[in-house]
Amino acid sequence: LQEYLTHQEEILNHFFDITFAIAGDAVIATLLCEPLGIDDRGPFLSPGRGIWKRFNWGPNENVTQQDGFFVSRNSAVGVELKLASTSSPEQIAKYAALMVWEEMRSSKLAHLGLLFIVPENALDRHWSNVGLIGPVVTADFLNKIDQEKLPAKISQLFEDRNDHIASVLERLKLKVVTWTAFRVAIAKIQTELDCARPGDQTLSRLLAGLCAQIDAHEGTEIPKPTAT
């Protein structure tokens, strides 16, 4: 069972959710916003598994489940975690829909971003997999989305709020990083902590727990220690 779980994206997603539900705004800003070129110190809110409440979906309504979604007064940042599965245009569409709903409940946001975290072997083909030639959404992107792969509520949103969707996609900043690079960025934060301070000590342990899961999980391509 343990071997099986180390291959499942959803399990790593849970550790990711727990970490960033507890970690402070500075950690979210450094690890998730800065790679996108977004300068926002928060405060951030992450709706997590209760996102249906934020957008008034029915509790049993099958809309979408984001890996990470963080909002502040000025920003909305999505995070898509990948192991063995392939990235797709529909994943960008999913987060674009969440950003439209977020702006509908508040106001137009200054910063929109989507960060993909992928294994090293997926890096070269990432943009072609999502229907782009680089980290910019092109004018023909909407034509590359398979509407049949979208949940009905998102497909309806694309139909009803086409101009708003186009606006979000035009403003959306994209970035892909490897698990290795993400792991290095976490380690850098750890080296800057003063573990004589209770708050830093707690954060150090929290980040160490996430790193341990990234290291142990199959598919992140983090080198495993060699048995002696």
Side-chain angles (χ1 to χ4, degrees), residues 9 12-55 57 63-82 87-118 123 126-127 130 132 134-137 141 154 157 161 164-179 181-186 188-189 203 206-207 210 214:
E9 281 186 14
L12 189 55
N13 290 359
H14 288 316
F15 283 101
F16 182 92
D17 287 346
I18 292 169
T19 299
F20 287 98
I22 299 171
D25 294 325
V27 175
I28 295 171
T30 299
L31 294 177
L32 307 181
C33 294
E34 286 184 9
L36 290 158
I38 293 175
D39 183 10
D40 190 342
R41 300 288 116 179
F44 294 98
L45 168 72
S46 177
R49 303 289 163 172
I51 197 167
W52 62 272
K53 297 177 183 177
R54 187 169 185 82
F55 298 136
W57 303 333
V63 180
T64 188
Q65 186 58 67
Q66 74 290 347
D67 291 342
F69 190 62
F70 302 85
V71 295
S72 71
R73 287 182 58 189
N74 299 308
S75 307
V77 173
V79 183
E80 181 72 9
L81 310 179
K82 308 304 294 182
S87 303
S88 69
E90 291 74 36
Q91 287 161 355
I92 294 178
K94 172 180 71 174
Y95 287 97
L98 292 178
M99 291 167 189
V100 168
W101 275 311
E102 184 61 32
E103 290 192 335
M104 287 170 62
R105 75 177 299 279
S106 55
S107 60
K108 184 176 180 179
L109 297 166
H111 308 293
L112 303 173
L114 174 56
L115 178 68
F116 287 86
I117 305 177
V118 306
L123 196 59
H126 172 78
W127 296 118
V130 298
L132 301 173
V136 177
V137 178
F141 176 74
I154 291 180
L157 180 74
R161 309 281 299 197
H164 198 164
I165 289 286
S167 171
V168 162
L169 289 172
E170 184 179 358
R171 291 178 283 135
L172 182 62
K173 295 179 179 180
L174 300 171
K175 179 74 174 182
V176 58
V177 299
T178 65
W179 282 106
F182 186 64
R183 176 73 169 75
V184 168
I186 296 173
K188 184 175 185 297
I189 293 177
L203 178 57
L206 180 68
L207 295 178
L210 177 60
I214 293 172

Only residue of Ile28, Leu109, Asp40, Ile38 satisfying side chain to side chain contact (heavy atoms under 4.5 Å, CB included) with Val77 is Ile38
Just so I know, are the side chains of Met104 and Leu157 near enough to count as touching, which here means a heavy-atom distance under 4.5 Å? yes
Rounded to the nearest 0.5 Å, how far apart are NZ of Lys175 and SG of Cys33? 14.0 Å
Interatomic distance, NZ@Lys173 vs OG@Ser75, rounded to 0.5 Å, equals 8.5 Å
Please report the C-alpha distance between Thr64 and Trp57 in whole Å, then the side-chain angles of each, then the deciding distance to 0.1 Å, and finally whether the side chain to side chain contact (heavy atoms under 4.5 Å, CB included) criterion is met. CA-CA 10 Å; Thr64 188; Trp57 303 333; 4.2 Å; yes
Student check: side-chain heavy atoms of Phe16 and Val79 closer than 4.5 Å: yes
Tell me whether Phe55 at atom CZ has more than 12 heavy atoms from other residues, nucleotides or ligands lying less than 6.0 Å away. yes
Is atom CZ of Arg105 surrounded by more than 12 heavy atoms (other residues, nucleotides or ligands) closer than 6.0 Å? yes
Side-chain heavy-atom pair Gln65, Arg49 within 4.5 angstrom cut-off: yes
Flag the pair Arg161 and Glu103 as a salt bridge only when some basic side-chain nitrogen lies within less than 4.0 angstrom of an acidic carboxylate oxygen. no
Output the distance between atom CG (Leu12) and atom CG (Leu81), rounded to the nearest 0.5 Å. 6.5 Å
Once the angle between the rings of Phe116 and Trp127 is folded into 0 to 90°, is it parallel (under 30°), tilted (30 to 60°) or perpendicular (over 60°)? perpendicular
How many angstroms lie between atom NE2 of His164 and atom CG of Leu169, to the nearest 0.5 angstrom? 10.5 Å
Taking C-beta and beyond as the side chain, do Leu172 and Tyr95 meet within less than 4.5 Å on heavy atoms? no
Does a sphere of radius 6.0 Å around CD in Glu170 hold more than 12 heavy atoms from other residues, nucleotides or ligands, not counting ones at 6.0 Å or beyond? no
Does any non-hydrogen side-chain atom of Phe15 lie less than 4.5 Å from one of Ile214? no
With side chains defined as the heavy atoms from C-beta onward, is the minimum distance between Leu32 and Phe182 less than 4.5 Å? yes
Find the distance between CD (Gln91) and NZ (Lys82) and round it off to the nearest 0.5 Å. 3.5 Å
Would you give the length of the straight line joining atom CG of Leu112 to atom CG of Leu98, rounded to the nearest 0.5 angstrom? 11.5 Å
Run the numbers on Leu174 and Val130 for side chain to side chain contact (heavy atoms under 4.5 Å, CB included), then give the verdict. CA-CA 11 Å; Leu174 300 171; Val130 298; over 6 Å; no
Do the side chain of Asn13 and the main chain of Asp67 share a donor and acceptor less than 3.5 angstrom apart? no
Salt bridge (Lys or Arg N to Asp or Glu O under 4.0 Å) between Arg41 and Glu34: does it pass, once the steps are laid out? CA-CA 10 Å; Arg41 300 288 116 179; Glu34 286 184 9; 3.0 Å; yes
I want to check something: taking the side chain as every heavy atom from C-beta on, are Val63 and Trp101 in contact at a cut-off of under 4.5 Å? yes
Shortest non-hydrogen contact between Ser72 and Pro43, atoms and distance: CB-O, 3.3 Å
Short side-chain to backbone donor-acceptor contact, Glu80 and Leu115, under 3.5 Å: no
Check whether any side-chain heavy atom of Arg54 lies under 4.5 Å from a side-chain heavy atom of Leu45, and answer yes or no. yes
